[in-house]
Amino acid sequence: MATKILGVLGGMGPAASAEFMKILAARFPADKDQEHPVVYLMSDPKIPDRSTAVTSGGEDPSPYLKADLDRLVAWGADVLAVPCNSAHCFIDKFRGSLKAPLVHIAEATLAAAEKAAPNGAWMVATLGTTRMGLYQELARKSGYRLVVPPENIQRQIQDIIIYVKSGDMKTAGCKMEAAVKALWEFEDMPVVTACTELPLAYDASPLPPEKNISSLDALADACIEKIR
């Protein structure tokens, strides 16, 4: 039984947010509707692109993120979550001023990676998340070995994210398989899908599920622990 209301800021992108809600419902320990958590979902796909803001001087999404999170708190959310990794590069700048605790997707995912793959993992993410060093800094602090793909594969990963956002899951799955297998030619270890579109691409491929450490799964599990 959930004891707290979860406020979810989604829309970055919409498919990833929908998948997060699906995972949350599937994993929450409930036997009937009334035992599931109350969730307020604010889906705002109009928030400026996070990677573009980092890589090419696009509009800063911070004011939009802050306003939407504050709105969720005003609605009555006790706990906040954002199923978008790159958004946290900006949220971290004002996290301390939020009126409700935030379940941090990168912290949750790295904790899951340390448990599932203690010897290290690949990190695949947007260009923005990679260049801002969101995961790398957390991994450095904890002493965890997190390996960033070479530039040519990183570019492929960015293309895969675009395919997911456009709804072309077949191409996304095919290209995800190729990119991950290319990484495994360097070193065979699990993959942290540190962009919430990438678990969808991974699931659309024939890659082994047990070698995917999904940021969507990790966020859902951490939220469940926080709101029970």
Side-chain angles (χ1 to χ4, degrees), residues 4-21 23-24 39-113 123-142 146 161 165 192-199 214-227:
K4 297 178 181 178
I5 296 172
L6 178 64
V8 178
L9 175 54
M12 302 171 283
S17 302
E19 185 66 16
F20 171 75
M21 296 297 292
I23 294 168
L24 186 70
V39 180
Y40 298 154
L41 172 62
M42 173 73 179
S43 183
D44 187 359
K46 303 303 183 185
I47 295 173
D49 187 79
R50 286 65 57 200
S51 274
T52 302
V54 173
T55 61
S56 56
E59 185 180 0
D60 184 0
S62 299
Y64 301 85
L65 293 164
K66 179 67 163 57
D68 285 346
L69 289 168
D70 286 345
R71 186 172 294 113
L72 284 165
V73 174
W75 289 351
D78 301 304
V79 177
L80 299 170
V82 183
C84 172
N85 285 272
S86 56
H88 288 69
C89 297
F90 301 91
I91 292 171
D92 281 351
K93 299 174 185 178
F94 59 80
R95 182 182 181 182
S97 68
L98 293 172
K99 303 300 184 183
L102 173 81
V103 181
H104 196 287
I105 193 170
E107 293 171 359
T109 305
L110 193 61
M123 182 197 78
V124 292
T126 64
L127 284 170
T129 298
T130 302
R131 290 183 182 178
M132 288 287 282
L134 177 66
Y135 275 82
Q136 299 95 307
E137 180 62 17
L138 289 172
R140 184 191 65 77
K141 289 179 179 178
S142 68
L146 193 65
I161 294 166
K165 287 182 180 293
V192 173
T193 45
C195 165
T196 51
E197 271 76 36
L198 293 176
S214 163
S215 57
L216 283 175
D217 288 350
L219 180 62
D221 288 341
C223 285
I224 290 169
E225 182 176 344
K226 192 75 173 179
I227 63 178

Check: Distance from His88 atom NE2 to His104 atom NE2, nearest 0.5 Å?
Finding: 5.0 Å
Item checked: Any donor-acceptor pair under 3.5 Å from Ser214 side chain to Leu216 backbone -> yes
Check: Do the non-hydrogen side-chain atoms of Arg50 and Cys89 ever get within less than 4.5 Å of each other?
Finding: no
Margin query: Are there over 12 heavy-atom neighbours, none belonging to Lys93, within less than 6.0 Å of that residue's NZ?
Written below: yes
Check: Do Val39 and Ile5 come within less than 4.5 Å of each other through their side chains, counting heavy atoms only?
Finding: no
Item checked: Under 3.5 Å: donor-acceptor pair, side chain of Glu197, backbone of Lys165 -> no
Check: How close do Tyr64 and Glu59 get, heavy atom to heavy atom, and via which atoms?
Finding: OH-OE2, 2.6 Å
Notebook entry, point to check: Do Ser51 and Asp49 have side-chain atoms, one donor and one acceptor, less than 3.5 Å apart?
Noted result: no
Notebook entry, point to check: Does a donor on one side chain sit under 3.5 Å from an acceptor on the other, for Asn85 and Thr129?
Noted result: no
Note to self: For Ser86 versus Thr126, what's the shortest heavy-atom pair and its separation?
What the structure shows: CB-OG1, 3.8 Å
Notebook entry, point to check: Should Leu110 and Ser142 count as side-chain neighbours, where that means a heavy-atom distance under 4.5 Å?
Noted result: yes
Check: Taking it one step at a time, do Tyr135 and Ser215 satisfy side-chain contact (heavy atoms from CB on, under 4.5 Å)?
Finding: CA-CA 11 Å; Tyr135 275 82; Ser215 57; 4.1 Å; yes
Check: Side chains of Leu134 and Met123: closer than 4.5 Å at any heavy-atom pair?
Finding: no
Check: Do the side chain of Thr109 and the main chain of Ala106 share a donor and acceptor less than 3.5 angstrom apart?
Finding: no
Next item on the list: Any chance you could measure Leu69, atom CG, to Leu9, atom CG, to the nearest 0.5 Å?
Entry: 5.0 Å
Check: Do you know the tightest heavy-atom contact between Val82 and Ile91?
Finding: CG2-CD1, 3.7 Å
Item checked: Over all atoms of both residues, closest heavy-atom pair of Phe20 and Cys223 -> CZ-SG, 4.1 Å
Notebook entry, point to check: Mind checking whether Asp70 and Lys66 have side chains closer than 4.5 Å, heavy atoms only?
Noted result: yes
Margin query: So Val192 and Val124, do their side chains get closer than 4.5 Å, heavy atoms only?
Written below: no
Note to self: I'd like to know if the side chain of Ser17 reaches the main chain of Gly13, judged simply by a donor and an acceptor atom lying under 3.5 Å from each other, with no hydrogens or angles considered.
What the structure shows: yes
Check: Roughly how far, to the nearest 0.5 Å, is CG of Asp68 from CE of Met42?
Finding: 4.0 Å
Next item on the list: Grab the two heavy atoms, one from Ala100 and one from Leu80, that are nearest each other, plus how far apart they are.
Entry: O-CD1, 3.9 Å
Next item on the list: Check Ile47 against Pro61 and note the closest heavy-atom contact, atom names and distance.
Entry: CG2-CB, 3.7 Å
Next item on the list: Would you check, one step at a time, whether the test side-chain contact (heavy atoms from CB on, under 4.5 Å) holds for Val103 with Val79?
Entry: CA-CA 7 Å; Val103 181; Val79 177; 3.6 Å; yes
Check: Any donor and acceptor pair, going by atom type alone, linking the side chain of Asp78 with main-chain N or O of Lys4 inside 3.5 Å?
Finding: no
Margin query: Between Tyr40 and Val8, does the side-chain contact (heavy atoms from CB on, under 4.5 Å) criterion hold? Intermediate values first, please.
Written below: CA-CA 6 Å; Tyr40 298 154; Val8 178; over 6 Å; no
Notebook entry, point to check: Do Glu107 and Lys226 meet the salt-bridge criterion of a basic N to acidic O distance under 4.0 Å?
Noted result: no
Margin query: Let me confirm one number: the CG-CG distance from Leu6 to Leu24, rounded to the nearest 0.5 Å.
Written below: 6.5 Å
Note to self: I'd like to know if the side chain of Thr196 reaches the main chain of Pro83, judged simply by a donor and an acceptor atom lying under 3.5 Å from each other, with no hydrogens or angles considered.
What the structure shows: yes
